[in-house]
Amino acid sequence: LYVDGALTAQDTVANDGLFYTGAPLRIGTDTNGAQLSNSFSGSIDEVKIFSCRLTPAQVARDFDQNWPFAD
């Protein structure tokens, strides 16, 4: 998790990437069946989703320049 271009938290997951399950992508909440759960209490802005894993340097450059990442 990056906040203002700085790494603030990290975790390892068993899979790599987003998987389409037929449900819409949700940011800041989870879906438990038809019910929303574990909702984030705050504001989320400037969300970006990339098709590849970024290095910390790429995240910092994207934040500093406010440009979309390009290879």
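Values in this document were obtained by computation on a predicted structure and should not be read as measured data.
You'll find the side chain of Phe40 stays beyond 4.5 Å of the side chain of Thr29, heavy atoms only.
A donor-acceptor pair under 3.5 Å is formed between the side chain of Thr8 and the backbone N or O of Leu1.
For the pair Ile44 and Gly28, the tightest heavy-atom approach, listed with the atom from each and the gap, is CD1-CA, 3.8 Å.
Atom OH of Tyr2 is separated from atom CD of Gln10 by 7.5 Å, given to the nearest 0.5 angstrom. Summarising the geometry, atom CZ belonging to Arg61 is positioned 8.0 Å from atom OG1 belonging to Thr55; distances are rounded to the nearest 0.5 Å.
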